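Numbering of residues begins at 1 and proceeds along the displayed sequence. These figures come from a predicted structure and were not determined experimentally.
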Amino acid sequence: DMLLTAPGRNEWYFLVTMMQIFAGGRLVILPSFAKPIEMVRTIAAWKGAICCATANMCRLFLIAAPESGRLFPDLYALEASGLPLFPWEKEAMIARVAANFREGYGTAGIGVISTLVAADMVRKPGSVGKPLPMIEVQIIDDSGHNLPVGSYGAIRCRSPLLSRPCPENGSAPRAEY
């Protein structure tokens with residue numbers, strides 16, 4: 001079962017919704033809740049489900065989580081997207097909310113780029129994870145040259161699944177990254 005906690009207009013939610021439908025799985029769209037604790041109780045009642053949540057929902061879960069044990073011990077996985085969580089929040093999500101916590105990263109113009117799974121999150125909580133299959137990611141300088149691993153720069157992505165670039169002058173060469 002896939003529990004959807006927000007509208008499908010969120011790109012990550014749309015992607016996981018389509019994957020769930022095409023896989024023949026059951027999709028449960030949760031209603032809007034008058035009180036946040038009602039949402040927490042509803043999610044906690046599910047066993048073996050995957051739940052999608054935003055970063056702010058994750059912060060609510062951390063507030064509601066017990067000091068020992070996990071808030072959602074019976075979820076198969078909890079997947080977050082949208083705003084990123086701080087490293088300490090990721091560690092707390094695994095320890096106090098859901099053992100199989102994942103976080104997806106992307107942009108509005110590109111979509112989902114990478115996923116960080118719990119095992120990698122524990123080892124390197126400041127990471128954004130590994131690129132999804134078929135997505136090539138580079139870190140570049142202001143001149144468009146590749147930078148070495150660990151450098152700061154702009155993110156450049158290429159994939160047959162991504163939309164075409166939107167150049168300022170209205171046309172881009174075919175070799176445009």
Side-chain angles (χ1 to χ4, degrees), residues 1-21 23 25-135 137 139 149-150 152 155 157:
D1 295 331
M2 173 72 67
L3 305 179
L4 194 61
T5 57
R9 65 182 173 266
N10 175 301
E11 196 277 332
W12 178 256
Y13 286 10
F14 179 77
L15 176 66
V16 296
T17 298
M18 291 297 105
M19 291 185 329
Q20 185 72 1
I21 290 170
R26 187 164 69 158
L27 178 67
V28 179
I29 301 173
L30 298 178
S32 294
F33 294 95
K35 298 178 182 177
I37 195 65
E38 293 172 0
M39 177 178 63
V40 170
R41 289 182 185 136
T42 300
I43 294 169
W46 285 86
K47 301 196 182 328
I50 299 170
C51 180
C52 298
T54 64
N56 286 337
M57 288 177 189
C58 290
R59 291 181 176 111
L60 166 71
F61 299 156
L62 285 171
I63 291 168
E67 288 301 317
S68 63
R70 290 193 177 91
L71 182 63
F72 303 134
D74 297 322
L75 280 183
Y76 174 75
L78 177 61
E79 298 183 354
S81 70
L83 299 172
L85 293 171
F86 292 105
W88 68 267
E89 291 174 312
K90 296 174 196 179
E91 292 169 335
M93 288 294 294
I94 294 167
R96 298 179 42 225
V97 178
N100 192 10
F101 176 65
R102 308 170 188 163
E103 191 173 30
Y105 291 88
T107 68
I110 294 173
V112 180
I113 297 170
S114 65
T115 299
L116 182 62
V117 297
D120 294 336
M121 206 176 286
V122 169
R123 187 177 53 78
K124 200 169 183 181
S127 173
V128 295
K130 298 175 183 170
L132 296 177
M134 298 178 65
I135 296 181
V137 178
I139 305 302
V149 173
Y152 291 91
I155 298 172
C157 300

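In this structure, the side chains of Phe101 and Leu78 come closer than 4.5 Å at one or more pairs of heavy atoms.
To the nearest 0.5 Å, atoms CZ (Arg96) and CZ (Arg70) are separated by 11.5 Å. One distance of note links CD of Glu103 with OG of Ser127; it measures 9.5 Å at 0.5 Å rounding. Atom CG of residue Leu71 and atom CG of residue Leu62 lie 9.0 Å apart, to the nearest 0.5 angstrom. Note: Cys157 SG to Ile135 CD1 = 6.5 Å, rounded to the nearest 0.5 Å. For the atom pair CG (Leu116) and CE (Met121), the distance works out to 4.0 Å, reported to the nearest 0.5 Å. Atom CD of Glu79 is separated from atom CZ of Arg102 by 4.5 Å, given to the nearest 0.5 angstrom.
Within a 6.0 Å sphere centred on CD1 of Ile155, other residues, nucleotides and ligands contribute 12 heavy atoms or fewer. With a 6.0 Å radius and a threshold of 12 heavy atoms from other residues, nucleotides or ligands, Phe33 has its CZ atom above the threshold.
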Item to complete: For Val122 and Lys90, run side-chain contact (heavy atoms from CB on, under 4.5 Å): C-alpha distance rounded to whole Å, both residues' side-chain angles, the deciding distance at 0.1 Å, then the answer.
Response: CA-CA 8 Å; Val122 169; Lys90 296 174 196 179; over 6 Å; no

Discussion item. Applying side-chain contact (heavy atoms from CB on, under 4.5 Å) to Phe86 and Glu91, what does each step give before you reach the verdict?
Written reply: CA-CA 9 Å; Phe86 292 105; Glu91 292 169 335; over 6 Å; no

Fill in: CA sep, side-chain torsions, deciding dist, call: Asn100, Ile50, side-chain contact (heavy atoms from CB on, under 4.5 Å)
CA-CA 10 Å; Asn100 192 10; Ile50 299 170; over 6 Å; no

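Judged purely by atom type and a 3.5 angstrom limit, Ser114 uses its side chain to pair as donor or acceptor with the backbone of Val128.
Sorted by first then second residue, the side-chain hydrogen bond (donor to acceptor under 3.5 Å, both in side chains) pairs that include residues 29-52, not counting sequence neighbours, are Lys47-Asp74.
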